[in-house]
Structure formats: C-alpha cells, structure tokens
Novice: 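Here you go, one structure.
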Amino acid sequence: MTHLIDIKGLSFQRNHRPIFSSVDLTITRGKITAIMGPSGSGKTTLLRLIGGQLIPGQGTITIDGQVIHKLKRRSLYQLRKRMGMLFQSAGLFTHLTVFENVAFPLREHTQLSEAMIRNLVLLKLQMVGLRGARDLMPSELSGGMARRVALARAIALDPELIMYDEPFSGQDPISMAVLVKLVHTLNQSLGLTSIIVSHDVPETLSITDYAYVISDGKVIGRGTAESIKHTDSAQLQQFLQGLPDGPVPFHYPAINIEQDLIGETR
Amino acid sequence: MLNYIASLGRFGMHLIQQYGQAGVLLSRTLLRLPNPRKGFPLVVQQVYAEGVLSLLIIIVSGLFIGMVVGLQGYHTLAKFGASQELGPLVALSVVRELGPVVTALLFAGRAGSAIAAEIGLMKATEQLSSMEMMAVDPLQRVIAPRCWGGFISMPLLTLIFNVTAVYGAYLVGVKWLGLDAGAFWSNMQASVDFNLDVVNGIIKSIAFGFVVTWIAVYQGYYAEPTSAGIANATTRTVVYSSLAVLGLDFVLTTMMIGGW
Ligand SMILES: Nc1ncnc2c1ncn2[C@@H]1O[C@H](COP(=O)(O)OP(=O)(O)OP(=O)(O)O)[C@@H](O)[C@H]1O
Ligand SMILES: [Mg+2]
C-alpha cells in the first residue's frame, strides 16, 4: 500500500454552502504533499476532515485502510495517536508553559520517566529554536514563536503523519528557511508522511514531492512540483504567480459591486 | 399568527434539543472515567480552583448573614419574650435553607461563571480541537475534572458557610446583645435534628452543586466560539443556575417537609 490516505468523491457543505464537491485526492506514504489554494478554499477544512473532526457529506476518507468517519471513538483516538497536526491558530494550552505544552502528549500517552520526557521535550524545542523559551507562557510568545511551539508539540510523539496548516506564515525569512528545512528533514530522516497547507508557493514547492491546488471546491491542479510549475492552465498560473486578474476569484461570492453600492437592502 | 406559532415551535424544539445535548454531555462525561492515576490530580486541582478559592467569599458572606439573622431574629423574638430561642432560630434557618441556597448562588457567581468562561475560551482558541487531535478526549481531560471538582466542593462549602453563619449569630447574640451563652448553645442543640435538618441541608447542597456545575460546563462547552458567545455563556450560567437553584429548593423543601 503506497497510499496512506485515499479520498474518494468527497463532498462537504457548511451552512448549505458547498465547500467540496466530489474531490478525489491521495496522499502517498513517506512523501511530502502540498495542498494549496486561495484563502477560504477549504484547506483547513480538508485537514479537519482527514483528522476526523468533521464528517463528510458524501464520499469516503480512508486512512491506512480505515474509513475514518466510520470508526468507533476508541479506534479513532488510536488512529489519531499516529497523527500530528499543527493548527493554523497554534492552539497552545494557555495555562501551561512552553515546556509543559510540548510535554503534554508525552505525559498523556506514554509512561516515560520525567528525565526522558525532559530530554525529548528539549530536543523538540531545540529543533524549532526555542529551547531557551521553555519557561515562557504562551501569552508571552509572538505569533511566529507560538506556531513553532505548536510544531514541536505536534511532532512530540513522532507521528507517522503530520499535517501542517500554514507552518510558514508569520515567520521571518530565517526561521522560515529553518522550518522548511526542518519539515524536509523530518520527512526524510523519520520516514514520515507530511501534508503541508501553505500559501508560500516557492518555499513549499521546493520541498514537496506532489502538490494539489484546490479552488472552488474542486482540485484544479495536481502533479509533481516541477510539472505543476509548468502547466499552462490559466487558473494555476494565476495562483502560482499571484496575478490579481484571472479566472480564480479574489472575492468571496457576491453580487456585483455597482448593484451592491446603489442598492438599499443589506 | 402562523408565524408566531412556527417560532414558538422552533423555540420549543431548540429547548428540547438543548436539554438533550446537556444530558448527552453529562452522561458521556460521567461514563468516561479517566484513569485514577491521571484523573485524581486533575480533580484535586479543580477542587482547589472551585472550592478553596471560593472560601473567602463564602466565609465573609456566612459571617455577615449569620450576624444579620442574629440581629433581626433577636429583635423579633424579644417582642414575644422569646429571645432565648435565638440559637434554634438561626441554626434552623441557616442549616435548612440559607446555607445551601446562598452558598449555591455564590458558587454559581464565583466558580460557575469561571468554569463556563474558561471552557468557552479553550474552545474558541482551538485548545479543545488540538487536544482532540492529540488523541486526548476533552470530555475526560477538561470537563470531567471540573464536574467532579464542583460536585465535591459545593457540600463542603455549604458546611463551612453554616458554621461561620452560626458563629456570626453567636457573636451578635451572645457577645454583643448579652444572651446567655449556655442557653444559646443548649437550646440550639436541643432543637436541631441531625437527620431532619443537617442531612437534608447537605442533600440540598449536593443537588445544587450538581445542577450548577452541570449548567456551567454545558454553557461553556457549547458556547459560540466568539467574545460575545463567551460573554453570553457566563451570563447564562449565572442566571440559569440561580433560577434552577431557587426552583429546585422549593421542590426539595416540599419533598422534605411533606413526610420524609
Ligand atoms: N465554522 C465554520 N462555520 C461555517 N463556515 C465555515 C466555518 N469554518 C470555515 N467555514 C467556511 O469554509 C470555507 C473554507 O474554510 P477554510 O478555513 O477551510 O479555508 P482555508 O482554505 O483554510 O483558508 P485560509 O487559507 O484563509 O486558511 C470558508 O469559505 C469559510 O467561510
Ligand atoms: Mg486555513
């Protein structure tokens, strides 16, 4: 089995607004897969569907042979122990220090001694460059630092699958370069499967093996990093080069602006 | 007219749905027992946060309420030449009614609102979601300890309130107004029945603790993840708990007086 995740005919709605309509997508084991797309196109939603926090309207999401939304609670939690997820908003526990945040999954799921936990936590914090910040509270961190702590926490248990939601946003060029390298190294050295959701197209494409571009509830482009850079689909090129005008809408669906400004009703 | 009936129906459905949700939340929380080695320290932490940190307000209120009841009771009883009966009057009203009810109202304001706000904010900042993704059940890790903390704290706080209130009345009646200390205590002892009065008061406090904590965790867990949503949840916790406590008090009192 080379496919760790297999998504078939996925449809999902939110408040009667379709977010996905029959999307097919596979994530290959041991590779880095990027998911890109305009803001609001449902990338975070896709990760939540994979994590089993949302239930698809139609279609199936199979992870390692198990259909995630049909699992019983116990097996779902068992499966989640093998996943790590970096949330877009970091989601750190505000009542715990940086150290305790990273130690949290270790304390919950392992019987390791205090000394072992300390070593593991410090190693993970070292990877994201925040070993010195171990005693700070999350409220004392900057946005970029908080996301790096969350990253350390997501990899604390050495999961088989890591989902990064915008790992590079809010990072300065140096920490961005370090993180890009870190994601790459983690994938190579530990044989992880990684899913990266990101808007930083060149950085992301530089390390991904395969990329999907979603827009308007559909996959509009797929292929290896090289092939995706050279497709001649207008939609894709507009997105990759960041052109304001083109087939991909920048605006959330709305009636046209003249009508809206002249009109009386909201 | 038809619209009115439809909205009434929607409201009714919404209400029933909420009761259902609250019931499911409670049963899941109580059924998924955390393993004792990890769960026990969490419960102790919550007993501290909800119980110990409420001690000050409970003791101060208990003292003042005891003193006021002592003062009012003395002047009323004196009219009938029965001021010797101040001890029983204070003890009975505090142990049977004031203790459990006032403690529960204060508990809802002090601890209930804090529980709701904390859980709501954890939800809004995706702490609960990220916990779920780390394969840790928030019901077990976050909600259950807060429930047990409340269930344990409320009866203990009530007992402490009772003791300080009676002491407050003693200060006023004996130390200030000059009643005989022996008569004060021995009359009290003679007319307070352990089972009928003290135990019934504790049963009330257990019921109130259960209801207030349940309302607080429910409001927090299902709060809308916005600032206004959390503000609403805390307000509702205090309002609903207070109403529930007062209503339940009437029901329980009727049952207890009606031939138990
Ligand atoms: N809780 C929610 N309730 C209703 N609609 C939602 C909710 N969360 C997201 N949506 C809608 O779902 C769509 C997809 O949201 P999602 O967060 O997945 O976008 P995204 O691709 O991650 O965007 P970004 O790149 O800005 O993070 C959006 O149009 C949003 O309006
Ligand atoms: Mg997103």
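Note on naming: letters A, B, ... go to the chains in the order of the sequence lines (proteins, then strands), and numbering restarts at 1 for each one.
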Novice: Would you say Thr193(A)'s side chain and Gly30(A)'s backbone share a donor-acceptor pair under 3.5 angstrom?
Specialist: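 A pair under 3.5 Å: yes.
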Novice: As a test of understanding, state which of Val197(A), Ile32(A), Ile195(A), Val183(A) forms a side chain to side chain contact (heavy atoms under 4.5 Å, CB included) with Tyr164(A).
Specialist: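 Going through Val197(A), Ile32(A), Ile195(A), Val183(A) one by one, the side chain to side chain contact (heavy atoms under 4.5 Å, CB included) with Tyr164(A) is satisfied by Val183(A) alone.
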Novice: Could you go step by step and tell me if Gln21(B) and Tyr218(B) meet the side-chain hydrogen bond (donor to acceptor under 3.5 Å, both in side chains) rule?
Specialist: CA-CA 8 Å; Gln21(B) 264 181 345; Tyr218(B) 170 76; 3.1 Å; yes
Novice: Among Val136(B), Thr125(B), Leu128(B), which residue forms the greatest number of heavy-atom pairs with chain A at distances under 4.5 Å?
Specialist: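 Maximum pair count with chain A is reached by Val136(B).
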Novice: Can you see whether Phe107(B) has Arg110(B) sitting over its ring - NZ or CZ less than 6.0 Å from the centre and within 45° of the normal?
Specialist: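 The answer is no, since Arg110(B) fails at least one limit relative to Phe107(B).
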Novice: Quick one: do the Lys204(B) and Thr253(B) side chains pair a donor with an acceptor below 3.5 Å?
Specialist: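 A donor-acceptor contact under 3.5 Å links the two side chains.
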Novice: I need the residue from Arg73(A), Gln78(A), Arg153(A) with the largest number of non-hydrogen atom pairs under 4.5 Å to chain B.
Specialist: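 The answer is Arg73(A).
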Novice: Using a 4.5 angstrom heavy-atom cutoff, name the option from Arg48(A), Met83(A), Met163(A) with the most pairs to chain B.
Specialist: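 So the answer, after comparing Arg48(A), Met83(A), Met163(A), is Arg48(A).
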Novice: If you check every heavy atom in residues 85-109 of chain A against those of chain B, which residues fall under 4.5 Å?
Specialist: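 Answer by number: Met85(A), Phe87(A), Ser89(A), Gly91(A), Leu92(A), Phe93(A), Thr94(A), His95(A), Phe104(A), Pro105(A), Arg107(A), Glu108(A), His109(A).
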Novice: Return the CD to CG distance between Glu132(B) and Leu139(B), rounded to the nearest 0.5 Å.
Specialist: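 If I round to the nearest 0.5 Å, the distance is 8.0 Å.
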Novice: Under 6.0 Å from the OH atom of Tyr222(B), do we count more than 12 heavy atoms belonging to anything else shown?
Specialist: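 Yes - once you tally the heavy atoms of other residues, nucleotides and ligands closer than 6.0 Å, there are more than 12.
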